[in-house]
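Just so you know, ligand 1 is whichever comes first in the structure, and atom 1 is the first atom listed for that ligand. Residue numbers count from 1 along this sequence.
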Amino acid sequence: MSDKNQPISGNDLARFSGPNTFMRLPSATALDGLDVAILGVPMDIGTSWRSGTRFGPKQIRAESAMLRPYNLQTGAAPFDSLQMADIGDLAINTFSLSDSIRIITESYDAILKHDVIPVAMGGDHSITLPILRAIAARHGPVALVHVDAHADVNDEMFGERETHGTVFRRAYEEGLISPSKTYQIGLRGTGYAASDFTEAQSWGFKQYQAHELWFQSLTSLGEQIRDEIGEGPVYVTYDIDSLDPAYAPGTGTPEIGGLTTPQAMQLIRALNGLNIVGCDLVEVSPPYDPSGNTALTGANLLYELLCVLPGVIRR
Ligand code: MN
Ligand code: MN
């Protein structure tokens, strides 16, 4: 038996009871001794269309009760390898996006004083800019794997420079990410101009549009990205709207013609071996997710991310 925190088994306590933590892991307030801190950022005031991601963390936690600790396909045993706990939600200010962004960076600064990998459940994608500010302050500019229907590189929206659609332009401008090691995967949808996507390519971003990936395994793309990034620190940000709305309808800005669930799993699994220093899964909007399948899929993708964190053993 492992001496590390384990999720409560569905064979020991009925899945519909127990704590509403991710996979029913222990909750923690102190970070000492933790390798991985799972947290929620329940916020939707940075979104431009449908709201509801403020309920994302709670619903992802609820659906995660279905998950079991061992990855039957990859052999990963994340909870035997790393000490993980759910540290609850950040206390964002639901009346102020700018104050929430400050709170997120300060919270991450405090978390990253410890040698811990933060794993966030969003929340809309605006949470990732303040996270990257803290990550870059701790690790320097990071490689970025960004899976999304949208490039999120607008200059501003309604005059606002910090929204869920401006994240990666700000991260580029502020030097938080290495542009030549920034990968945007799953882009699609209608645009305002061709430059919506192509401008970021001129910064060095590598973009893989969804239609270029239709009907293909993403294993080789993931392995290529892994090999190109190499040893340095990497942040992975996973917007659930990268998936086709058939698989993940419960999201704020859905786009047809997206990735499949198996492609999402192939991509994450191929990232095994990277030095992932943090990750997030964002844009799950439970009010638009009547079956719970979007939150369930989000919980599973977070689990797959836990399975490729550095130090996770396979057996
Ligand atoms: Mn996004
Ligand atoms: Mn998106």
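As for Asp152, its N/O/S atom nearest the Mn ion (ligand 1) is the one called OD2. In His125, the N, O or S atom that comes nearest to the Mn ion (ligand 1) is ND1. Looking only at its N/O/S atoms, Asp241 has OD2 as the one nearest to the Mn ion (ligand 2).
Checked options Asn5, Val36, Leu25; the residue passing with Phe79 is Leu25 (criterion: side-chain contact (heavy atoms from CB on, under 4.5 Å)). With Tyr183 as reference, Glu228 is the one residue of His146, Gln224, Glu228, Lys206 to meet the side-chain hydrogen bond (donor to acceptor under 3.5 Å, both in side chains) rule.
Between the side chain of Arg138 and the backbone N or O of Leu112, at least one donor-acceptor pair lies under 3.5 Å. For Ser64 (side chain) and Met23 (main-chain N/O), a donor-acceptor pair under 3.5 Å exists by modelled atom type.
Residue Asp148 counts as close to the Mn ion (ligand 2), with an N, O or S atom under 2.8 Å. The Mn ion (ligand 2) has an N, O or S atom of Asp239 closer than 2.8 Å. Coordination check, His150 versus the Mn ion (ligand 2): passed, since an N/O/S atom of the residue sits under 2.8 Å. Taking 2.8 Å as the threshold, Glu283 does not count as a candidate ligand of the Mn ion (ligand 1), since none of its N, O or S atoms lies below it. Using a cut-off of 2.8 Å, one finds that Glu255 contributes no N/O/S atom close to the Mn ion (ligand 2).
Using cut-offs of 30° and 60° for the angle between ring planes, the Trp203 and Tyr172 rings count as parallel.
For the atom pair CG of Asp239 and NE2 of His150, the computed distance is 7.5 Å after rounding to the nearest 0.5 Å.
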